[in-house]
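These notes are about the structure you will find just below.
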Amino acid sequence: METLAKNVVSMIPGLKPFLKRRRDGFNRSLLRYRCYRYEKKVNARHMGWQHSGTVNYSKRSSELIFWYHKLEKGLCLPPENRRFFGQYPAQQTLMLLRKWRSDRLSCDATVYKAAIGVLEGYRDFVQNIDPQTTQVKQTLTELNAFLSVQDKTEDSYRTPIDFKLLPEDSYDVLYSLALSRRSTRNFKSQPVSMDIVEKAAALAQLSPSACNRQPWRLHLYQDKNDIERMLELQNGNRGFGHTIPMLAVVCCDMGAFFDSTERNEPSLDGGLFLMSLLYALQSMGLASCCLNWCVDPRRDQQGHRTGAIPDNEKILTFLAIGYAADDTVVPLSARRPLSDLIVEH
Ligand SMILES: Cc1cc2nc3c(=O)[nH]c(=O)nc-3n(C[C@H](O)[C@H](O)[C@H](O)COP(=O)(O)O)c2cc1C
C-alpha cells in the first residue's frame, strides 16, 4: 500500500514537493502552537504579584520597587512639572513597607532601605509644596507617621542625585571596547575566578530595567560534567563546547512582572544586562560567546531541570565565559551600514 502510494506520488509532477511543503507547514504550525501554549502557561503561572501561601521575596521586592520608583522618577522631572504628584504610589509604598515588616522580611535589605531613601526624598519635596492643600497635608502626615518610627537611611540611599557628565574621550574608550569584543569560540583551560565574574555582574547590574526591578538571574557552572550536560541541550557549541571553562545561564525572574502586557520586558531587561555583562567581561580580559536558547518547550524544561533553574526564571541565553586560547582568531563579523538600520522620519 505504502509502495503504491509512493509510486503514485512520484508519477504526478510537483506532488512530492507540494506534500512536503504541506507537512513542513503543519509541523511549523504545531511547533508555533506548542511554544505559544507553553509561553502562556509560564506567564500565567509566574507573572503577577499575588502570593500563594508564604510571601515571595522576589515578587514583593519587585512590587515595592515598582511603586517607589514612580516617586523617585517624579522627583526628577523638569521643575515646571514638579507639582504635587504621587499620593497613590506613596500610599502603595507605605502599605508594602508595612507588609514587609509584618511578613518579617529583612529591614536591612537593600530594597527596603532604598524605599525609605525615596520616601525621605519625596517627603522633602512634599514639605515644600505651596499651597499645602488637604491632599498634600494628608500625604505629609502619612509620610511623617511612617518615617518618624524609622531609622534615617544611610546617605548612600539618598535620592535624587546629580547627573554626571563624562570626559570627552569616553566615546572612544567605549568604542574600542565594543570593537574588541568578539564572540570567542576557543578557550584556554584556565579556570575563571568567581570574583571576576561577580565584578562583571556588579557592572551589568547597573543596566537599565523596566521600573528598575532588575529581574536578572545569573546561574554559573564550572564543573565539567555540569557544563557538558547543559551544553548537550544547546545546538550552537559544536566544536568548542569542550573548551568552555565556565558556563553562565542568563535568566529573568518572571515574578518581577505584573501581567502579560509586560511580556516583552524579560527579553529586553535580560538583553540589556547581557550586553553590559559582555562588555564588563571583555574589559577584564575575559572572552565570551552567547549560546542561543532557541528551544522547544520540552527542551526548555530539560534545561531548567538539568541546571537546577527554578520554573519562575525564564532562560534567555547560555553564555560561554573563559580566557581566549593563545592562538584564538575571531570572525570579523562585519556590520551593516547605518543606512540599513536608521530610519530618519
Ligand atoms: C542571543 C545570541 C545567541 C547566539 N548563539 C550563538 C550560538 O549558539 N553559537 C555561537 O557560536 N554563537 C552564537 N552567538 C554569537 C553570534 O553569532 C555573534 O554574536 C554574531 O555573529 C556577531 O559576532 P560578534 O559577537 O563576534 O560581534 C549568539 C549571539 C547572540 C546575541
Side-chain angles (χ1 to χ4, degrees), residues 31 35 38-39 42 171-188 192 197 200-201 203-204 207-209 215-221 226-254 263-300 302-304 306-307 309 313-338 340-341:
L31 181 63
C35 290
Y38 182 62
E39 192 93 334
V42 169
Y171 177 85
D172 298 335
V173 173
L174 185 57
Y175 193 87
S176 65
L177 177 68
L179 201 59
S180 68
R181 186 216 54 82
R182 282 291 165 268
S183 296
T184 302
R185 299 174 179 87
N186 183 12
F187 295 99
K188 275 185 189 163
V192 178
V197 177
L203 187 144
S207 306
S209 61
W216 318 294
R217 298 289 181 276
L218 188 62
H219 293 261
L220 299 167
Y221 308 85
D226 289 348
I227 295 178
E228 201 179 300
R229 285 191 307 134
M230 290 297 272
L231 290 182
E232 269 168 22
L233 305 173
Q234 201 275 342
N235 66 8
N237 65 85
R238 201 174 306 153
F240 69 98
H242 63 284
T243 71
I244 299 172
M246 179 183 268
L247 181 73
V249 179
V250 179
C251 299
C252 185
D253 171 19
M254 300 301 280
R263 65 192 176 284
N264 294 330
E265 307 301 358
S267 315
L268 273 174
D269 289 353
L272 289 162
F273 174 83
L274 174 65
M275 190 66 252
S276 305
L277 184 67
L278 299 184
Y279 282 149
L281 292 167
Q282 178 75 13
S283 73
M284 292 187 290
L286 277 161
S288 62
C289 184
C290 296
L291 299 169
N292 80 83
W293 189 242
C294 305
V295 294
D296 65 15
R298 194 171 303 157
R299 186 56 66 92
D300 187 63
Q302 275 180 305
H304 278 88
T306 310
I309 296 169
E313 293 181 25
K314 189 187 177 86
I315 301 179
L316 299 175
T317 188
F318 283 15
L319 176 67
I321 302 176
Y323 293 93
D326 292 336
D327 53 353
T328 296
V329 287
V330 290
L332 169 70
S333 299
R335 293 322 199 235
R336 293 167 181 271
L338 283 181
D340 277 13
L341 53 130

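Order of appearance sets the numbers: ligands from 1, and atoms from 1 within every ligand.
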Does some side-chain heavy atom of L319 sit less than 4.5 Å from a side-chain heavy atom of L218?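 They are not in contact (no side-chain heavy atoms under 4.5 Å apart), so the answer is no.
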Looking at every heavy atom in both [X] and [Y], which two are closest together, and how far apart are they?
| X | Y | answer |
| --- | --- | --- |
| M275 | R181 | CE-NE, 4.0 Å |
| G285 | Y323 | O-CD2, 3.6 Å |
| P331 | R182 | O-CD, 3.5 Å |

Assign the ring pair F240 / F187 to parallel, tilted or perpendicular, where the plane angle (0 to 90°) is split at 30° and 60°.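 Ring orientation, 0 to 90° scale: tilted.
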Could you give me the CA-CA distance, side-chain angles and deciding distance for D226 and R229, then say whether salt bridge (Lys or Arg N to Asp or Glu O under 4.0 Å) is met? CA-CA 5 Å; D226 289 348; R229 285 191 307 134; 3.4 Å; yes
Set of residues that line ligand 1, where lining means a heavy atom lies under 4.0 Å from it: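 Ligand 1 is contacted, at a heavy-atom distance under 4.0 Å, by R181, R182, S183, R185, Q234, G236, F240, C289, C290, L291, N292, S333, R335.
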